[in-house]
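No hydrogens, no waters, no symmetry mates; every other heavy atom, side chains included, goes into these values.
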Amino acid sequence: MSNLDKIFNSIGQRTLFKNKDVLQMDYSPETIPFREKQIEQVALIMAPALIGQKTSNLFVYGKTGTGKTLVIKHIQNEMQKRGAEGSGKPLKLVYINCKFKKVADTEYRLLAELIKKLGGTISATGLPTDQVYNKFLSTLESLDNKIFVIILDEVDQIVKKISDEFLYNLTRINAELPKKLVTIVGISNDVRFLDDMDPRVKSSLSEEEIVFPPYDALQLKDILLKRANEAFKENSVDSGAIAKCAAFAAQEHGDARRALDLLRVAGEIAERAGDKKITTMHIDEANAKIERDKILDIVQTEPNQFQAVLLAIINLEESKDKLKSQKSLIADEGGKIYTGDVSKVYESLCKKTGMEILTQRRVGDIISEFDMLGIISAPVVSKGRYGRTKEIKSLIPAGLTEKVKEIITKSLGI
DNA sequence: AGGTATTCACATGAAACTATTCTCTGAGTTAGG
DNA sequence: TAACTCAGAGAATAGTTTCATGTGAATACCTGT
C-alpha cells in the first residue's frame, strides 16, 4: 500500500472532528448564549414589521466577534420564516456585508448589489449613478412586498468609502415611495464613526441603538464548550485547552470568532499530528500559526514598494544584530534602526531591482502603516540634540523572518 | 548649579501632481412590436 | 422604438511628491554665584 493510500484510507477513522462546520465562522447555531437580552431588544424593535408597520431604524454596535452579525442574521431568518407563514404580510429582508470590496466599494456597486438581492437585474457598468438609484427605487416599487428591511453590515465602510450622503438617501426612501416602508439596520464595530457623520443621518440611522458588550472569559468558555461538543468527537478535547482558548480570546477584547478559529486550528493541528486529544499545547501552536498566517498574508498582499521597505528593515535588523554580537562590549546604542537608515537601505534596494524610488516622506508613511498592521513597532522618539525620528523594531517572530524574506525577494525578483 | 537657547533629524500637514479607476454620454446594436 | 451595450471623454480618487512648518529633549551657551 502506498503512503498516499494509507493517508486516504485512514482519514475516516482518524479524524477528531465530528462536524467541523460548527467552528466555521459563518455557522449559525440554534441558540446564541449570553445574547438573550440583545435578541429580545432587536426583536422588540423589529416586531412591528411583521404586522406591516413601520419600524425604527436600528444601529447595532459592538466589537468584532461579539455576535452582532449572528444575532441579526438569526432574527432575519426567524422573521423571514414568519413572513412566509403569516400570509399577506409581505416582508422582505436584505442583508449586505459592506466589507467586501467587490460588493460595496462604490455607490454604484452597492446599489447594484441591493438590486440584485431584491431580484432585479442590472448591467455591471455603464450607467449613471442616479439611474441606478432610480432603478433601485423602481425595483422596490415593482415588488409586492410592502416592508423592506435593509441590513448593512459594517456600515462604517460605506461612510468611509462613499460618504454619508448615501445613507441619508436611503433613509429618505420612505418619502419617495409612500407605499413602501424601508427600515435600515446598520451594524458597525466602530462607534466613533457616528461622531463625524452628518447629524441628520446620525439621528435617523440610530433611532434605536443596541450595544453588544464583549464576552468575558467565562462566557467564552461556555460558548466554546457548547460548540466543541458538537464539533469534536467525545473526549477529544482537554478541558484545560478550552479554558486556555477562552483566555486567549478574552485578551483580544472578547472576540468569540477568534476563539472558535483558535479551537478549529488547534483541532486541525492535533489531527494532523495524529494526537487523540486536543491539549493546551495545541492551542499554543494554533495561536502561533494563526499569527504566522496573518503576517505572511499581509506580507504577500502588500504592494512592492511596501515589501521593499519591510525587507530593508529586516536586513538592517540582521546586520545590526551581527554588529552587536561582534562588539558586544561597546555601549548599548547598538541595534536601533531609524527612519533615515531604512530609507537609505531601501533606496539601494530599489536601485538594485530597478524600482522607482519613493521619497523619504513616503517611506515614513509606509513605516507607519506597517506599525498600524502590527508587523513592526515604530514609536517616535526624540534623541535630543540628535533629532527626532521613529525607532523601528520588527515584530515578526524569529522563525518567520527567513520565510518573509523569501516571499519578498521572490516577489521583487531579486 | 540652574536656566535658556540651539539644533538635529525627522514628524506632520497641506497643496499640487499623476496615473488609474469611475461615471456618464451618445452612438451603435439588438429585439420586440 | 424602446432597451441594452459599449467606447471614449471627462470627473473622481488614490498614491506620491514638493514645500512648509512643527517638535522634544540632549547639548551648548549663558548668568550669576
Side-chain angles (χ1 to χ4, degrees), chain A residues 98-116 118-139 141-142 156-170 193 196 298-299 301-310 312-313 316-317 320 331-351 353-373 376-394 411-412:
Chain A
C98 315
K99 177 173 60 180
F100 302 115
K101 274 207 163 176
K102 276 171 251 159
V103 175
D105 216 19
T106 66
E107 188 172 2
Y108 189 109
R109 284 188 196 162
L110 189 61
L111 280 170
E113 187 66 21
L114 270 171
I115 293 171
K116 250 185 260 163
L118 287 170
T121 52
I122 190 152
S123 53
T125 63
L127 289 167
T129 309
D130 60 328
Q131 262 189 53
V132 186
Y133 190 70
N134 284 337
K135 172 106 190 185
F136 171 59
L137 290 182
S138 64
T139 312
E141 192 118 58
S142 69
D156 40 334
Q157 296 297 316
I158 297 188
V159 177
K160 221 161 63 191
K161 284 181 187 147
I162 308 178
S163 92
D164 46 10
E165 215 169 301
F166 176 77
L167 289 176
Y168 181 67
N169 287 339
L170 274 187
F193 100 100
D196 39 50
I298 293 173
V299 171
T301 53
E302 218 68 16
N304 286 5
Q305 298 287 0
F306 284 60
Q307 293 182 337
V309 172
L310 188 60
I313 293 171
L316 263 171
E317 199 149 77
K320 292 235 168 171
D332 53 350
E333 184 51 50
K336 296 212 169 135
I337 304 172
Y338 305 108
T339 307
D341 308 337
V342 174
S343 117
K344 262 182 246 145
V345 176
Y346 156 81
E347 214 171 287
S348 65
L349 217 57
C350 281
K351 275 184 196 143
T353 56
M355 281 169 39
E356 243 183 290
I357 300 169
L358 299 183
T359 47
Q360 180 161 318
R361 175 76 184 74
R362 182 89 255 270
V363 172
D365 280 350
I366 292 174
I367 291 171
S368 300
E369 283 184 48
F370 276 125
D371 186 23
M372 297 257 286
L373 287 169
I376 63 173
S377 89
V380 271
V381 293
S382 180
K383 293 188 286 116
R385 193 72 222 281
Y386 304 104
R388 211 170 102 89
T389 178
K390 292 194 179 84
E391 195 176 291
I392 300 156
K393 221 169 61 189
S394 156
S411 127
L412 296 182

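- Contacts of A/I366 with the nucleic acid, taken as non-hydrogen atoms under 4.0 Å apart, are absent.
- For DNA chain C, none of the residues of residues 340-351 of chain A falls under the heavy-atom distance limit of 4.0 Å.
- The distance from the CD1 atom of A/I376 to the NZ atom of A/K390 is 8.5 Å, given to the nearest 0.5 Å.
- Taking 4.5 Å as the limit, some side-chain heavy atom of A/E302 sits within range of a side-chain heavy atom of A/F370.
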Problem set entry | Audit row: A/Y346, A/I313, side chain to side chain contact (heavy atoms under 4.5 Å, CB included) steps and yes/no | CA-CA 8 Å; A/Y346 156 81; A/I313 293 171; over 6 Å; no

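- For the atom pair CG (A/L310) and OG (A/S394), the distance works out to 7.0 Å, reported to the nearest 0.5 Å.
- For C/dT16, neither phosphate oxygen OP1 nor OP2 lies less than 4.0 angstrom from any side-chain nitrogen or oxygen of A/T359.
- In this structure, CZ in A/R361 is found 11.0 Å from CD1 in A/I366, a value given to the nearest 0.5 Å.
- Between the CD1 atom of A/I392 and the C1' atom of B/dC10 there is a distance of 11 Å, given to the nearest Å.
- Scanning all heavy atoms of the two residues, the minimum distance from A/Y338 to A/I392 falls at C-CD1, 4.0 Å.
- From A/K336, atom NZ reaches atom CD of A/E317 across 12.5 Å, with rounding to the nearest 0.5 Å.
- Scanning for side chain to side chain donor-acceptor pair (under 3.5 Å) contacts around A/E391 gives an empty result, with sequence neighbours left out.
- Here C/dT17 presents its C1' atom at 11 Å from CG of A/D365, a figure rounded to the nearest Å.
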Protein-nucleic acid N or O pairs under 3.5 Å, nucleotides 16-20 of chain B:
none

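- Remark: P of C/dG15 and CZ of A/R362 are 8 Å apart, rounded to the nearest angstrom.
- A/Q307 contributes no side-chain N or O that, together with a main-chain N or O of A/L412, makes up a donor-acceptor pair within less than 3.5 Å.
- Nearest heavy-atom pair, A/D371 versus A/A378, reported as atom, atom and distance to 0.1 Å: OD1-N, 3.4 Å.
- Nearest heavy atoms, A/T339 versus A/G364: CG2-CA, 4.4 Å.
- Between A/L358 atom CG and C/dT18 atom P there is a gap of 11 Å when expressed in whole angstrom units.
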Contact list (N/O, under 3.5 angstrom) for nucleotides 20-25 of chain C vs protein:
| from | atom 1 | to | atom 2 | distance (Å) |
| --- | --- | --- | --- | --- |
| C/dT23 | O2 | A/R388 | NE | 2.9 |
| C/dG24 | N2 | A/G384 | O | 2.8 |
| C/dG24 | N3 | A/S382 | OG | 2.9 |
| C/dA25 | O4' | A/S382 | OG | 3.4 |

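- Atom P of nucleotide C/dT16 and atom CD of A/Q360 are separated by 16 Å, given to the nearest angstrom.
- Summarising the geometry, the separation between CG on A/D371 and C1' on B/dA11 is reported as 14 Å, rounded to the nearest angstrom.
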Protein-nucleotides 2-4 of chain B N/O pairs under 3.5 Å:
none

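- In plain terms, the two heavy atoms of A/C350 and A/Q305 that are nearest each other are SG-OE1, 4.3 Å.
- Going from atom CD of A/E369 over to atom C1' of B/dA11 covers 15 Å, rounded to whole Å.
- How far OG of A/S343 is from CD1 of A/I367: 8.0 Å, rounded to the nearest 0.5 Å.
- When the side-chain contact (heavy atoms from CB on, under 4.5 Å) test is applied to A/E347, the partners found at least two apart in sequence or on another chain are A/K351, A/I357.
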